Each structure stands twice: as structure tokens, then as C-alpha cells.
Amino acid sequence: METREKILTIAMDQFARLGVRYVTVDDIARAAGVSKKTIYQEFKDKAQLVLEAFKNKMLEDQEFFMNLYDENQGAIWHFVEVSKYIRSRFSNINPVVFSEIQRYYPSCWKLFEDFRQNCAIKTISDVLEKGKKEGYFRPEIDANILALVRMDQIASTFDSEKFPPSKFNVMEVQMAIMDHFIHGILTDKGRELFYKINNQD
DNA sequence: TACCGT
DNA sequence: AACGGT
């Protein structure tokens with residue numbers, strides 16, 4: 001693997017496990033088997049290293065969500081799969097990372113926000129409309145409003161002030177909120193399918 | 001690796 | 001004192 005990629009991979013791994021501020025540039029250099037000089041040849045400073053590392057991960061996520069959307073297996077299926085992915089993906093991330101990024105790495109945080117605004121919310125709204133057409137979601141729901149609501153719900157899951165990791169398990173919160181949201185929009189026909197999808201694995 | 005500034 | 005940066 002190329003030096004730059006190796007640094008990014010190892011950095012991301014350590015950031016996720018231990019927190020961005022806990023991991024020093026010296027730690028990363030040691031773990032990657034390179035000198036600090038090499039790191040600073042590739043990256044201007046630690047902030048840029050953080051930015052690039054998270055950007056890579058977010059591009060992976062974006063690709064996953066695109067593929068999910070393109071698979072086109074129905075609105076309920078889509079919501080269930082997204083919830084699963086978020087649970088698996090973020091169960092390996094130390095919850096302190098979110099508040100660290102928000103506080104100390106604003107350009108990196110902006111990346112998250114842009115992704116939510118430009119990509120996630122539109123997709124959710126589309127899927128809500130699709131579910132209405134399929135007859136699985138109640139026809140009277142407002143897709144644009146509920147897309148924003150849903151996005152806020154997902155984001156709140158990672159808010160360690162609202163859900164302190166000492167008292168809450170991110171995965172359980174994620175599932176509870178998902179369940180509540182979807183039950184608020186299902187038709188009777190949708191509820192049947194939802195139970196069916198949930199019991200098949 | 002040693003070192004400096006914060 | 002510890003860590004980013006040279």
C-alpha cells in the first residue's frame with residue numbers, strides 16, 4: 001500500500017478506536033512505521049490529516065448509500081438497511097469522536113453537514129415518496145418535513161449530551177428511534193411487510 | 001531523534 | 001506536561 005494511504009488507514013483506525021485528540025501524530029507515525037517527517041510531507045498539519053482520513057470514510061459511506069438506493073428493493077427495505085448499516089458502521093466508533101470533530105475540526109465537521117444537507121435528506125425524501133406510491137407509507141405524510149425529522153433523529157443518536165454513552169448504547173438508541181419513526185408512517189399493508197422483513201433475519 | 005514553542 | 005511541528 002502506498003505510504004499516504006497507509007498513514008490514512010492507520011490514522012482513521014486509531015481515531016475511531018481511541019478518539020482524535022487522544023491519538024498523537026507520534027502514535028500514528030509509530031503505528032504506520034514512518035517518521036513524523038514523512039507525515040508532514042504528505043499533510044500540512046494534523047487537522048488536514050484528520051480531514052482526509054474522515055473524507056475517505058465518508059466517500060465509502062456515500063457509495064454504500066448510492067448502491068442501496070439503486071438496488072431499489074422498496075422503501076421499507078431501504079429504511080431497514082440504512083438503519084442496519086449505521087448500527088454496524090458506528091458501533092466501531094468511539095462516541096467522543098463526534099463531539100471532538102464538531103469542536104476542534106470545523107472543516108471536517110462541515111463535510112458531515114454538507115453530506116447530510118446535499119445527499120442524505122434528498123434521498124430520505126425520495127424514499128418516503130416512493131413508499132407512499134407503493135402503498136406502504138401513509139399518503140398524508142409530508143416527505144420533505146419528515147426527511148428533515150428523520151435526519152435530525154439519526155444525528156441525535158450520536159449526540160453524547162443527549163445520549164451519554166455511559167447510560168445508552170448507540171445501537172439500541174438507533175433501533176428504538178428507527179422503530180418509532182417507521183411506525184409513525186406505515187399503513188396497515190406497510191406494517192405487515194415491515195414485520196415480515198424484520199423476522200426474516 | 002532531538003528539540004522548541006505553546 | 002504533553003503534544004504539534006521543525
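The chains referred to below are lettered A, B, ... by the order of the sequence lines, with proteins before strands, and numbering in each begins at 1. None of these values were measured; they are calculated from a predicted model.
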Side-chain donor-acceptor pair under 3.5 Å between A:Tyr69 and A:Asp126, yes or no? yes
Do A:Gln153 and A:Arg150 have side-chain N/O donor and acceptor atoms under 3.5 Å apart? yes
I'd like to check the side chain to side chain donor-acceptor pair (under 3.5 Å) partners of A:Gln174; sequence neighbours left out, ordered by chain and number. A:Thr157
Basic-acidic side-chain contact under 4.0 Å: A:Glu113, A:Lys110: no
Identify, with sequence neighbours excluded, every residue that meets salt bridge (Lys or Arg N to Asp or Glu O under 4.0 Å) alongside A:Glu129. A:Lys132
Which ones in residues 37-51 of chain A lie close to DNA chain C, meaning a heavy atom under 4.0 Å from one of its atoms? A:Tyr40, A:Asp45, A:Lys46
Tell me: CG of A:Asp26 to C1' of C:dT6, nearest whole Å? 12 Å
Separation of A:Lys36 atom NZ from C:dT6 atom P, in whole Å? 10 Å
Nucleotide C:dG4, atom C1' - distance to CZ of A:Arg30 in whole Å: 14 Å
